[in-house]
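Notes follow the structure.
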Amino acid sequence: MSIGINVQTQGEIMFVTLTGELDQMTTDQVKLRLMTAMLAHGIKHIVFNLKGLAFMDSSGIGMMLGRYNQVKALGGKVFIIGMNPTISKVFHLSGLHQVMTVIDDEKQMMRVLEEAI
């Protein structure tokens with residue numbers, strides 16, 4: 001089980017692309033990478049691109065909620081883009097889609113970011 005993590009920052013926004021599997025074996029690695037970047041760059045908002053994420057279990061849900069709570073405490077938001085049907089189902093069953101802004105495509109993402117920030 002492996003996870004690919006690509007993190008880019010732009011001002012107070014962190015863009016995170018996850019590929020592979022976000023599960024009990026990989027969530028600690030993702031948490032550490034995101035926490036380090038958030039502290040180093042003063043991140044307030046996170047955009048997760050989950051287009052390449054094949055699997056996510058309850059550990060992944062917990063990791064996502066943890067990052068949501070962090071940025072919410074700073075007055076920030078979490079945005080999700082590019083979910084496949086499997087990950088979309090996890091989001092709906094867990095209720096994550098109710099607390100995070102789910103965006104359909106990258107063009108819409110830029111409009112939403114400009115309005116929200």
Side-chain angles (χ1 to χ4, degrees):
M1 298 178 207
S2 66
I3 186 84
I5 312 163
N6 183 340
V7 176
Q8 297 178 348
T9 60
Q10 183 178 345
E12 294 181 322
I13 306 169
M14 179 168 61
F15 296 89
V16 180
T17 301
L18 298 177
T19 56
E21 298 182 0
L22 184 57
D23 57 21
Q24 186 177 5
M25 300 295 290
T26 60
T27 52
D28 286 343
Q29 178 184 355
V30 174
K31 272 193 251 185
L32 179 61
R33 180 85 182 272
L34 299 184
M35 294 290 293
T36 302
M38 288 177 75
L39 292 172
H41 299 283
I43 297 302
K44 187 175 176 181
H45 307 283
I46 303 174
V47 177
F48 284 102
N49 184 330
L50 305 180
K51 198 179 315 184
L53 195 63
F55 176 81
M56 183 168 75
D57 68 6
S58 60
S59 301
I61 293 168
M63 188 282 300
M64 299 287 283
L65 279 173
R67 300 312 62 84
Y68 167 79
N69 288 330
Q70 278 185 296
V71 298
K72 183 180 177 191
L74 299 171
K77 294 187 177 190
V78 174
F79 303 91
I80 308 295
I81 186 169
M83 289 188 287
N84 67 41
T86 302
I87 302 303
S88 181
K89 185 174 182 177
V90 170
F91 262 70
H92 281 83
L93 290 173
S94 67
L96 285 177
H97 71 289
Q98 294 177 339
V99 295
M100 299 178 188
T101 304
V102 178
I103 303 170
D104 293 329
D105 61 42
E106 292 182 23
K107 288 180 185 176
Q108 181 188 9
M109 177 185 69
M110 295 312 292
R111 285 193 306 270
V112 170
L113 282 175
E114 288 170 5
E115 292 172 9
I117 298 172

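No hydrogens, no waters, no symmetry mates; every other heavy atom, side chains included, goes into these values. Position 1 is the first residue of the sequence; numbering continues from there.
Put simply, M56 and V99 are part of the same group of oily side chains (I, L, V, M, F, W, Y) that touch within less than 4.5 Å, one to the next.
Going from atom CD1 of I5 over to atom CG of L34 covers 6.5 Å, rounded to the nearest 0.5 Å. How far NZ of K72 is from NZ of K77: 11.5 Å, rounded to the nearest 0.5 Å.
In terms of heavy atoms, T36 sits closest to L32 at OG1-O, 2.8 Å. When every heavy atom of L22 is checked against every heavy atom of T27, the shortest pair comes out as CD1-CG2, 3.7 Å.
Between I81 and L50, every side-chain heavy-atom pair lies at or beyond the 4.5 Å cut-off.
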Quiz: residues 60-69 side-chain donor-acceptor pairs under 3.5 angstrom, not counting sequence neighbours:
| from | atom 1 | to | atom 2 | distance (Å) |
| --- | --- | --- | --- | --- |
| R67 | NE | Q70 | OE1 | 2.6 |
| R67 | NH1 | M63 | O | 3.4 |
| N69 | ND2 | L65 | O | 3.3 |

Side-chain donor-acceptor distances from residues 82-93 under 3.5 Å, at least two apart:
| from | atom 1 | to | atom 2 | distance (Å) |
| --- | --- | --- | --- | --- |
| N84 | OD1 | T86 | N | 2.9 |
| N84 | OD1 | I87 | N | 2.9 |
| N84 | ND2 | L53 | O | 2.7 |
| H92 | ND1 | S88 | O | 2.9 |

Yes or no on side chain to side chain contact (heavy atoms under 4.5 Å, CB included) for I3 and T19, after CA distance, side-chain angles and deciding distance?
CA-CA 6 Å; I3 186 84; T19 56; over 6 Å; no
Side chain to side chain contact (heavy atoms under 4.5 Å, CB included) between R33 and V30, worked out:
CA-CA 5 Å; R33 180 85 182 272; V30 174; 5.8 Å; no
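Side chain of H45 to main chain of G76: no donor-acceptor pair is present (N/O by atom type, distance under 3.5 Å, no hydrogens or angles). Of the possible donor and acceptor atoms, none in the side chain of T9 sits under 3.5 Å from a partner among the backbone N and O of A37.
For Q10, the side chain to side chain contact (heavy atoms under 4.5 Å, CB included) partners are F15, not counting sequence neighbours. Every residue two or more places apart in sequence or in another chain that forms a side chain to side chain contact (heavy atoms under 4.5 Å, CB included) with D57 is listed here: D23, Q24, F55, S59. Looking at residues two or more places apart in sequence or on another chain, you find a side chain to side chain contact (heavy atoms under 4.5 Å, CB included) between V71 and M38, I46, V78. Residues satisfying the side chain to side chain contact (heavy atoms under 4.5 Å, CB included) criterion with S58, sequence neighbours excluded, are absent altogether.
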